Each structure stands twice: as C-alpha cells, then as structure tokens.
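All remarks here apply to the structure that follows.
Starting from 1, each residue takes its place in the sequence as its number. The structure presented is a predicted model; accordingly, all values stated were derived computationally and were not measured.
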Amino acid sequence: MMRTRPLKVALLGCGVVGSEVARIMTTHADDLTARIGAPVELAGVAVRRPDRVREGIDPALVTTDATALVKRGDIDVVVEVIGGIEPARTLITTAFEHGASVVSANKALLAQDGAALHAAADEHGKDLYYEAAVAGAIPLIRPLRESLAGDKINRVMGIVNGTTNFILDKMDSTGAGYQEALDEATALGYAEADPTADVEGFDAAAKAAILAGIAFHTRVRLDDVYREGMTEVTAADFASAKEMGCTIKLLAICERAADGASVTARVHPAMIPLSHPLASVRGAYNAVFVESDAAGQLMFYGPGAGGSPTASAVLGDLVAVCRNRLSDATGPGESAYAALPVSPMGDVVTRYHISLDVADKPGVLAQVATVFAEHGVSIDTVRQQGKDGEASLVVVTHRASDAALTGTVEALRKLDTVRGVASIMRVEGE
C-alpha cells in the first residue's frame, strides 16, 4: 500500500553533486515514489551563498542555517554533500540526534571519523549510508558490505581517483611529461586548480581506508594508510614499464596478510602488467578489483566522479534509506568485529623495479648484487646499459618486504660506484 505522506529530505550542499541530486529528485519523482513506496519531498537546501540562482530549486527552500535545518525534527533523511570535516561532522551527528538518517558522500570525514559516526547512528537507531564516498557511480560499498558479507575478502586493489588516472593514461599514451598531462587535465576540468589532494594520493588514501574497513571488518583510519603521490613519475618510468609489458597506475591496495592475522592499506604508483584488467582502465574512469575466497576475482568499473555519476550513488542510498524508514528498520552498520591490526608499510611484500645510475666499469654489477643478497632481496632480472663511463642498471626483484628493500637502497647509495637511484617503482598485480 502506497503511503501518501512524503518522506522529507534535507540537502546539505548544492554544488555540482547537490544540484544534480535535487534535479533527479524532481525529474524522477514518480519513479522514486514507486520504488520507495512513498513520495519524497525536498524540504530544505542548506548553502553558503543563498543569492546564487539554482535552476529547478524553489528559493523558499534555500537556507544558510544548516544547523536549524537538520534540527527541525520532521526531516527523515539528511543528504550531506558539502565535504570536509567540519561543519559536516557536527551536522551529521545533530541529524541523528533529531531523528534523521544520513546519506553522505564525504570520504574524508568517513575515513577519519567513520567509527564515531557509525556509533552515533547506532545510538539513535538511524542509517548511515555512503556509497558515493568511493568511486562515484560504481556500486562498490553495498556489494562489499552486503553481497559479499558471507565471503572472505583477501584483497581490494583499484584505481579510485579519476584525475590521476587521466594524467597517467595521458603520459602512457602520448609520452607527455607529468606537468604537460596535468595541464591538460586542468584545462578539461578533470583536475582542480589545486590538485594536491588528487596527485599526492590524499583522496585515494581516504577511499582506501573506507574500503579496507568494510572488506576486513576492521577499523582502518586515514592515518593507517601509507600514501605516496605520483608527481615523481616520469616518461622514463613509463618507458621502463613498457619494456616489462606493464603500464603505471596510482593504486589503492588493501590486503589481508597471508596468515590472516593483520591487514595493510596503501596508496602509491605501481607498474601493473598489461594483462591485468586494471591496466586497460583509461581516462578518468575508476575500477576496483576484488579477490575473495568463494567469489574469486571480481571487477567493478565505471565513472568515478562528476555530478551525475556521484548523484546516482547518492540517490541509490536515498532509496534504500527511505525504504528502511518506511519499514521502521535500519540497514547494515559498521562491522568491525575482526579488529585486525593494521601492519606498517615495512611489512608489505611485493616486487620492485629499481633504476640505478652507476659507473660503467667492471665489478659494478657484482657489488650491486652483493648488496641485494646481504639484505635478503632476491633479484629476478637485471638490465645494464653503458656509455662514456656512465651506465644505467635496472633491477627487478622477486617479492620482498618494503623494509628489506629500503635497507637495500640505503646500502646501495653508499657504494662509490652508484651515482644515484633514478627511480623505485613497485610492481603489482602478478
């Protein structure tokens, strides 16, 4: 039986995503009503600049007092798309206190304070949904949290930032340098005026924290995630990758240790074989590769950002939360029962591609090989090119811990015959 009294929605933020959420709520109102079992009504829109014209939104709904809006008491769902830590955190907890469930796209806040927000939602018997916080339109949070709830996830590895993937893809396909590719991304609107959050890996690290927490039923905070940006990736690195049959991607990698006793979460550039599904992800698209015991290998692919894709994820959560409100129920909350320790980056085991500038004379290779052996790092392949007394030495290792590789590199720098370490790149996906 269809309920006639509408479910009231408060929208916090009306930028690129928020305005698209409002538009879809209006243009798809009949479909949303049929899917939910009751009409949904946009009851208020909190913004910072009320004088701006917002097409399709009744000016009477617009307010600058977000706190008063979430405190009204008749609001069923608060949709938070303002981003940042404050005032978003206070507004969300206030919404729970005054009887509203919350749909959020705020990756930074969830990565930093997800446990506290879940606790507040549980205390007041309300929902906290955030599909839009990771990978835009790609259904990812709900499959991990619900569809794979009966499985054991061992690894989540993905491209979760469209800006960086566009830049790296452009460097790979055209031979452009980093700055040239960044300039093009900025001109096309893929990169912000200040791209630091993207290119230095902060955005991807927040998403990695969220994914690791859900996948491993363990609280993983942003501070637990190792982060390395992609600003030092060069055209020479791509040339080396191509010689190995690889490309380079900025990856978020969340792994369960082989013994199952701990987990790791990290973000960094890595070489990945062209045969791996993630290698073919082009432009500003996102993709996440999941490995589990029963389901095996799964890949989720699609647009990872933008107004319409992100709004699609927000509206999906809105429908789910509204259905829960009608049935007086809540969906799955935080699952952190495993409480596994998060290991430091030094414990991570992977392969490495190391490019050294060395003196072109007899015995150099033997010296370098000895250093690797002394630190317990096994060499897979070596390639050396020399000219006019200088040479480059490219070493690809077998799997080794990050701590062992770090010690190896420190020792290599002390050799008189090693002029410098040109680059170090992890090799993943094999």
Can E228 and R266 be said to form a salt bridge (Lys or Arg N to Asp or Glu O under 4.0 Å), step by step? CA-CA 8 Å; E228 184 181 319; R266 50 196 166 103; over 6 Å; no
Which atoms form the tightest heavy-atom contact between [X] and [Y], and what is the distance?
X    : Y    : result
C322 : I36  : CB-CG2, 3.6 Å
I379 : A369 : CD1-CA, 4.1 Å
S355 : V394 : OG-CG2, 4.2 Å
G15  : S19  : O-OG, 2.6 Å

Residues [X] and [Y] bridged, charged N to O under 4.0 Å:
X    : Y    : value
E428 : K249 : no
R426 : D402 : yes
E20  : R23  : yes

ring-ring contact (aromatic ring centres under 6.0 Å, His included) partners of residues 392-416, not counting sequence neighbours, each pair once: none
Checking T186 against D183: is there a side-chain donor and acceptor pair closer than 3.5 Å? no
Could you tell me whether the side chains of N154 and D293 share a donor-acceptor contact shorter than 3.5 Å? yes
Looking at Y129, I'd like to know if the NZ or CZ of R142 sits under 6.0 Å from its six-membered ring centre while staying within 45 degrees of the ring's axis. no
Would you kindly check if the NZ (Lys) or CZ (Arg) of R227 is within the cone defined by 45 degrees around the ring axis of F202 and under 6.0 Å from the six-membered ring centre? yes
Below 4.5 Å, heavy atoms only, C-beta onward: do [X] and [Y] meet side chain to side chain?
X    : Y    : answer
L412 : V368 : yes
S101 : N324 : no
M25  : V9   : yes
V134 : V288 : no
V281 : N286 : no

Between Y301 and Y285, how do the two ring planes meet: parallel, tilted or perpendicular, split at 30° and 60°? parallel
side-chain hydrogen bond (donor to acceptor under 3.5 Å, both in side chains), that's the test. Do D237 and S240 meet it? Break it down for me. CA-CA 5 Å; D237 291 326; S240 294; 5.6 Å; no
Partner of D203 by side chain to side chain contact (heavy atoms under 4.5 Å, CB included), out of V160, D198, T196: D198
Verdict with reasoning, D127 to R325, per salt bridge (Lys or Arg N to Asp or Glu O under 4.0 Å): CA-CA 9 Å; D127 276 323; R325 297 283 291 195; over 6 Å; no
